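Here the structure is laid out as structure tokens; the discussion comes afterwards.
The chains referred to below are lettered A, B, ... by the order of the sequence lines, with proteins before strands, and numbering in each begins at 1. None of these values were measured; they are calculated from a predicted model.
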There are 4 protein chains.
Amino acid sequence: MNFASDNTAPVEPAILDALAQASRGYARGYGNDDWTKAAERRLCEIFERKVAAFLVPTGTAANALALAQVSPPWGAILCHNQSHILTDECGAPEFFGHGVKLVGLSGEGGKITADGLHAALAGYGGHSPHQVIPSALSITQATEAGTIYRTNEIAALADIARQRSLAVHMDGARFANALVRLNATPAEMTWRSGIDVLSFGATKGGALAAEAVIFFDPGAAASFGERRKRGGHLLSKHRFIAAQFLAYLADDRWLALARHANAMADNLAQRLTAIGLPPVWPVEANLVFVVLSRALDARLRVAGASYYVRSSDGLDISAENVLVRLVTSFATTEEDIERFAKLCESFEERPFERRPRLAPI
Amino acid sequence: MNFASDNTAPVEPAILDALAQASRGYARGYGNDDWTKAAERRLCEIFERKVAAFLVPTGTAANALALAQVSPPWGAILCHNQSHILTDECGAPEFFGHGVKLVGLSGEGGKITADGLHAALAGYGGHSPHQVIPSALSITQATEAGTIYRTNEIAALADIARQRSLAVHMDGARFANALVRLNATPAEMTWRSGIDVLSFGATKGGALAAEAVIFFDPGAAASFGERRKRGGHLLSKHRFIAAQFLAYLADDRWLALARHANAMADNLAQRLTAIGLPPVWPVEANLVFVVLSRALDARLRVAGASYYVRSSDGLDISAENVLVRLVTSFATTEEDIERFAKLCESFEERPFERRPRLAPI
Amino acid sequence: MNFASDNTAPVEPAILDALAQASRGYARGYGNDDWTKAAERRLCEIFERKVAAFLVPTGTAANALALAQVSPPWGAILCHNQSHILTDECGAPEFFGHGVKLVGLSGEGGKITADGLHAALAGYGGHSPHQVIPSALSITQATEAGTIYRTNEIAALADIARQRSLAVHMDGARFANALVRLNATPAEMTWRSGIDVLSFGATKGGALAAEAVIFFDPGAAASFGERRKRGGHLLSKHRFIAAQFLAYLADDRWLALARHANAMADNLAQRLTAIGLPPVWPVEANLVFVVLSRALDARLRVAGASYYVRSSDGLDISAENVLVRLVTSFATTEEDIERFAKLCESFEERPFERRPRLAPI
Amino acid sequence: MNFASDNTAPVEPAILDALAQASRGYARGYGNDDWTKAAERRLCEIFERKVAAFLVPTGTAANALALAQVSPPWGAILCHNQSHILTDECGAPEFFGHGVKLVGLSGEGGKITADGLHAALAGYGGHSPHQVIPSALSITQATEAGTIYRTNEIAALADIARQRSLAVHMDGARFANALVRLNATPAEMTWRSGIDVLSFGATKGGALAAEAVIFFDPGAAASFGERRKRGGHLLSKHRFIAAQFLAYLADDRWLALARHANAMADNLAQRLTAIGLPPVWPVEANLVFVVLSRALDARLRVAGASYYVRSSDGLDISAENVLVRLVTSFATTEEDIERFAKLCESFEERPFERRPRLAPI
């Protein structure tokens, strides 16, 4: 019953096997190898255009490097106030961005709205050179709340951003989870909707440590190789990061893995809803947020369940309750869910607070 | 005949197997797992004291993070003018060090001398606040020229550094190669000789991507966790970097792998010397530098040999010749060497320039 | 009728004269002169203790350098969400702080409250190394809204900060304006109330360009000389910045100048209140915020009045009205105020919105 | 007898008077005033083209901001190994340049040669992304050794730089001293010879604290206003820095002041040569370097002479002697020189080392 994060899962077996397959003979270092070239080609195929792709070992690196590329130090990066880049990367974007400023926007369910973005941008302009200049919009897909932006929502936000000359970044740590839910193509969910640069995550989806920064306009990636190297994020035995991506993207494996993780989240949400514990936000990816009583929370932990309590700032939750985040992954089994749900069900007192679900997709 | 670098080799099989073994079940992310704890314990054993150890995926990250920890932005880091941190990391130390300055010292065979260090330090002091302040000495062991510092040489340099309050860093990308040659313990080659912080490399020795920053005084590592995270170098599925280290360090595997690599370098050097191509610098680790005629160089490449030409700045080499670097690794075979040597031997013209070997260890 | 800012005023004549007096003969550069030493002594006298004082030409430099000294790059600096360091310095604190994060707190009238600070701090901790670490509290005295912190309010905030090991910084761009209102000594308003480092402004008070960073614990100023130099803020003909401070601080000139500016603000507030335009926030320094109809605003500008419209975010002001900031200075005359008030008075329509004044001091 | 630096001199009276003249009435802050606009126009006149000019209070700020504008963080700035930016600014270029690397080139008399530049550039290229990329050339005019580049020398260096896409920066802390010696126009000595950006100093020439960054292609100055602000170098009472420039540049005052300083240096050099103490490098600006015996040095200091001993690295000077730098300024008098020369003359023992003078202009 490990729902702590999708990064507590192991490496998906086919990806692990790909590492072993790649570990034969010599290969040039630092990305000058056949695996890397193949991964780059594969990414171009998947996104249906020439892209500039750079592989890095962590999502924090992908995000921070991508944002630094599209924002000057005196820029402001607008993002959700619960976004990973703002709350969980210990200032990596500010470090790589040489002191760039992140501006957190509120928005239900982890999503920035067009109105919210308009309002935030209205606060900038006409105060040069005293004020920082909005330089990028970063959205997370799927969001940290487990919701997803529809392609028209992405396009609307990107349009607003473009009118103010902001670059648009997508933190796609759970890109596949969003994609398989949306019935959209990777191209539609990104550059066709106005995304300029994507942090494309494979680690949470089943890889060991493999993320890619994708520039949809390769011309926007000038000197990014130096930027990555200088950040210490160019692996010497680079074939092994490329091999992970190749296996992840082969045979639609990435989509299958994400579908499984999402299906497990759906199961979990349905089971919990049935016993009076509906999710706080729509379950659109592989994250389920529910309000539990502290008593139930304690009992679940004793029984071996693993998950995190999240800040309930802005939610109307009483002191007896906690907001918890349950994350499923490619490795989650129906047994895990069944066991967890049963434990909840068997618990007599079930004080919780309901929130209306948002409209389904 | 791949002598391009020790990072063109694959992953050593036992280390690869350890990844598969570690990929079972769930584990907490970000280093809060059993493998990481075990790796930390093992590093303490190996260094015979309590150390603070932080695993990162690249050597550039290890070096740059370590140096930033021990040097203020207005510091000067003294290093050899051929050191990897100065010439091959695209300014990573300056980036992580927030604009710290690297000062390159000359020295035969990649080694800084006590006299050279004294002379460099004499140029600093008494000009505050206009001049940067020497804050750290960084030495590479084994050096970029394939030579090694004896423990008394390390101690002498560290003594000079300490008198000026400089921290002492060792870039140990090829730590094991130096260690097995010296007949010294890890403790003797580091903290007992005055090293404060070590970049301990496993990647070149056989790992996939595993390096450690080791602080011999754990108190000197305050907030290093934040520094690493902020640099994007904290892996989420951290057990897999720890598992590499555990396998590398188990059963003296790391020492055996390094002995093999060194022995291959010795073989290569002997074979080349016998045919009139003696190494330029003493072969004390797994690097062999030789001067080849451009004609031989061309022929070797046609025959499939892979290696790099290096700058011969400061060496008296004629225009018809080139300085080449041949690197052996755990994966190098006697057949590789035999074939390479035979190719050289069979080449009629062998114009080269000899340089006296330095004294043997 | 120039109420745009206190920096639109000229140089106060005695300070200007001091520049001429100092411009005789030679003096060592970079602060090794008698004026600088005298200014340092004078600052020690004024603050009734040994302080470490560093003179710089701008308030942005003073703030950014001071904050960088007391906060690591992975720190968070808590400040009011309308503070100058957050909104008007184009990211200078982030630049000098190597990517430090500023966190804006809300609070009526530009003031952080103890409750607000507690709440903000409650959001940090227990999430290392993913989250930045609160490292400093910065308060502005007088605030950007023209209000002032009482010494017990400062002490209460500083106590909370100290419990979490935060350094406490005061942006004293209008230090004198606050001081003369409070009937407190400089020591009481700073270190005796828990302030660790002060940006002490003289420019807005009448100097040409003179600010000081004051560390109340000189030991906390280690290497600050290098930090200032590296920021380009060590003037070569340093005697001229010191001479400004000496003249500013001589004969209680700084207090007299501030009393005049405050008195002018009081006059202005009284006159405006009398005609139905009460200040939005208590007038406790030299800033008067009032809500004007757009019609009146236009008329005043035609008549030659100069001032800035400020964001009315968080205030309930209708679209027909604007929030304006009127700043008085040592140079403001009663005639200016009389003329401005008369213009307002003569204006037929006076639609405005009242807000209750806060309790007087 | 103060020959310590040209910044030990006071403010030239006409410039001081201009400050008083400017201190009348109100003016908009931060450069939105008439003095600033007039100074910008005047600079365009002087340089015979539309330029983008930004005034800052220190030369270190001018240099560091200018270089950061034209160099990415992974760039290398090539400069003389005795240049002020490399040795005397405590790493300001690295700080403002976000970790940019400075590479020092040797060259007789403080001057980079075409051959030296070619050789340095030959060491870069073909090693991407591991190596930093040469991004700018910085030359000092007049040099730190008191010599000057002829316009054809500047053009030759700039040509080489341009072939490698380097920007060309001139540190003109003593711009006027060089200019009046060369019989060239400001345009000829800068953009017509290939200079892209100039740090134009007035402080050493007689101002209180006034330097300008001049971009000869205004398009290259995009966002420089933000960069300056963020560095804390935008003065609020900006008219006073502009007023200094206006007075400095009015009526060819700057040229007259520089001619005086140079003439004093010539006098000094002639007097010293006559008594057997010829300058080490050609005296082409207002700096005279001579070798004195330690005995004479001691005697001069006792008699009240003030000057600095400089590093004699690379010069063949015996241990009994020291290399000293004598700086003249607008304030230097013939009496100062006469007295100094007499003191030298009266000293019995005069052991010194001669060096041939370079060819005169």
Nearest 0.5 Å please: distance from the [atom1] atom of [X] over to the [atom2] atom of [Y].
X	Y	atom1	atom2	result
K237(A)	T8(B)	NZ	OG1	8.5 Å
Y30(B)	D88(A)	OH	CG	7.5 Å
R28(B)	N2(A)	CZ	CG	10.0 Å
D17(A)	S23(B)	CG	OG	11.5 Å
C90(A)	R230(B)	SG	CZ	6.5 Å
T58(B)	R228(A)	OG1	CZ	11.0 Å

Chain A contacts, top residue of P57(B), S329(B), A209(B) (heavy-atom pairs, under 4.5 Å):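 Heavy-atom pairs under 4.5 Å are most numerous for P57(B).
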Which of A4(B), P93(B), G25(B) touches chain A most, by non-hydrogen pairs under 4.5 Å: G25(B)
Any side-chain heavy-atom pair from [X] and [Y] closer than 4.5 angstrom?
X	Y	answer
P10(A)	R239(B)	yes
T332(A)	Y26(B)	yes
L234(B)	T60(A)	no

Structural part of [X] lying under 4.5 Å from a heavy atom of chain B:
X	value
A64(A)	neither
L235(A)	both
T203(A)	both
A207(A)	backbone
L65(A)	neither

Interface residue of largest heavy-atom contact number with chain B, from A61(A), S236(A), S306(A), under 4.5 Å: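 It is S236(A).
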Chi angles and distances behind the side chain to side chain contact (heavy atoms under 4.5 Å, CB included) call for L19(A), V11(B): CA-CA 9 Å; L19(A) 290 176; V11(B) 183; over 6 Å; no
Engaged part of A20(B) at the chain A interface, taking heavy atoms whose separation is under 4.5 Å: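 Both backbone and side chain.
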Aromatic plane relationship, F95(B) with H98(A) - under 30° parallel, 30 to 60° tilted, over 60° perpendicular: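 The arrangement is perpendicular - the two ring planes meet at more than 60°.
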Backbone of G231(A) reached by a side-chain donor or acceptor of H233(B) within 3.5 Å: yes
CD/E334(B): more than 12 non-hydrogen atoms of other groups inside 6.0 Å: no
Neighbour count >12 (heavy atoms, 6.0 Å) for atom CD, E338(A):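 Result for CD/E338(A): enclosed.
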